[in-house]
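First the structure, in the form of structure tokens, and then the observations on it.
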Amino acid sequence: MTVQRRTFVAAAALAMAGITLPAFAAKPLVIGFSQVGAESEWRTANTVSIKDAAKKAGVTLKFADAQQRQENQVKAIRSFIAQKVDVIAFSPVVESGWDTVLREAKAAKIPVILTDRDVNVADKSLYVTLIGSDFVEEGRRAGRWLVDYAKKQPGKTLNIVELQGTVGSAPAIDRKAGFEEVIKGNPQLKMLRTQTAEFTRAKGKEVMEAFLKAHGKNINVLYAHNDDMAIGAIQAIEEAGLKPGKDIVIVSVDGVRGAFEAMMQGKLNVTVECNPLLGPLLMQTAKDVVAGKPVQKRLVVEERVFPAEVAAKEFPNRKY
Ligand code: AHR
């Protein structure tokens, strides 16, 4: 008979005799989570998902907002180590510069789970797994949509401007690479300008204004690494007296509600989904890791592409 079975039989016998045992208060799992910040609609949905999932899973969550700064994340991770949490999870602002602090976590025997964004470390044993999207594929999907769009206007050259995410971050690096891979060598598609707008609406507007000042009506396409920058750019395009979605075709990434609203208004042409609802998978993975169960090194979430034509139909189903 197993220990659990013996305990159950003994407890059942005592219950029949009218004696109750004090309930075993299982110690809740403690996760220290360092979030990038609150730069976008996507990020807000990601934070809500993690906090809600922790509550539902009975996990004690120590949450720290890094306000887009790597040094804040390093400080938060060191503080989680000092507090001896069971698991450290974080979404890294940028890819490089993590070796030292992750070695400290390993020396303290605290497993590290990456969510959303990857790190660039030589020793992959410094983290258990990465849960999140395939950003290169998202960039390819954006590129493929544009290649198909260009095919419908044979002979026409399309000048592209690109709003990149945070410099050095995995989604900015990978979405750029995936997009370039697909449009490379296409005689119709020409990259005019590319610049970071840090994944925010305010910067998206500001950088798009500069693009418009320099190139005006020569811009045919905007590729934005996230919806927030696209939404900021839409404002700049309208203020310049042009029609977003028509005079300038807009391709962006995330699939947040704001993007669906813009598509329904005819101001955005397509959004490539990036799923922020990573909370439940993070909680389950953390429990598995602590229980010593094997975990895959990479857990990729399912995603789709939403062109403007399906926006009204899909909008009621959107969860973020
Ligand atoms: O890392 C995911 C990216 O970060 C999202 O695309 C963007 O909106 C966020 O800020």
Side-chain angles (χ1 to χ4, degrees), residues 33-50 65-70 72-73 89-96 98 113-120 127 129-143 162-179 196-205 207-208 222-234 250-262 268 270-279 281-282 298-306 318-320:
F33 184 83
S34 169
Q35 179 61 290
V36 169
E39 73 282 5
S40 61
E41 243 187 278
W42 187 101
R43 188 64 55 197
T44 306
N46 180 246
T47 294
V48 170
S49 168
I50 288 164
D65 179 338
Q67 295 174 344
Q68 296 258 47
R69 296 166 76 110
Q70 183 173 33
N72 291 345
Q73 291 204 295
F90 76 115
S91 174
V93 178
V94 289
E95 274 194 342
S96 57
W98 298 105
I113 297 176
L114 304 176
T115 68
D116 165 34
R117 299 181 179 182
D118 204 355
V119 293
N120 189 358
Y127 64 88
T129 183
L130 162 61
I131 302 170
S133 311
D134 180 342
F135 297 136
V136 177
E137 186 53 28
E138 288 171 355
R140 289 193 194 111
R141 286 177 179 160
E162 178 183 37
L163 291 174
Q164 294 181 39
T166 306
V167 176
S169 69
I173 296 167
D174 293 351
R175 286 174 188 162
K176 182 167 181 47
F179 184 78
T196 182
E198 295 164 17
F199 281 130
T200 68
R201 279 183 199 203
K203 277 273 170 191
K205 179 169 187 277
V207 178
M208 191 67 204
L222 163 66
Y223 168 43
H225 288 191
N226 83 345
D227 290 336
D228 282 77
M229 293 188 293
I231 291 165
I234 284 172
I250 307 178
V251 183
S252 79
V253 185
D254 274 356
V256 297
R257 293 175 77 87
F260 276 75
E261 280 158 6
L268 180 79
V270 61
T271 184
V272 175
E273 187 180 34
C274 178
N275 188 348
L277 308 179
L278 305 176
L281 189 53
L282 169 61
R298 183 75 169 96
L299 295 164
V300 183
V301 288
E302 293 249 330
E303 286 159 353
R304 298 164 59 190
V305 176
F306 296 100
R318 300 306 292 162
K319 300 218 161 50
Y320 56 92

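Values reported hereafter were calculated over all heavy atoms of this structure, with side chains retained and with hydrogens, waters and symmetry mates removed. Here the structure is a predicted model, which means the values were calculated and not measured. Just follow the structure's listing: the first ligand is 1, and inside any ligand the first atom is 1.
In this structure, the side chain of R141 does not engage the main chain of E273 through any donor-acceptor pair within 3.5 Å.
For R201, the side-chain contact (heavy atoms from CB on, under 4.5 Å) criterion is met by E41, D228, I231, not counting sequence neighbours. Remark: A197 pairs with L163, K203, V207, M229 by the side-chain contact (heavy atoms from CB on, under 4.5 Å) rule, at least two apart or across chains.
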Show me the donor-acceptor pairs, under 3.5 Å and distance only, between side chains in residues 89-96 and residues at least two apart or in other chains.
residue, atom, partner, partner atom, Å
S91, OG, R43, NH1, 3.3
S91, OG, T115, O, 3.4
S91, OG, D116, OD2, 2.8

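Proximity of N275 to Y320: side-chain heavy atoms (C-beta onward) are separated by under 4.5 Å at one or more points.
The protein residues lying under 4.0 angstrom from ligand 1, judged by non-hydrogen atoms, are E39, S40, W42, R43, D116, R117, F135, P171, R175, F199, N226, D254.
Contact record, L114 with D118: CD1-OD1, 4.0 Å, taken as the closest heavy-atom pair.
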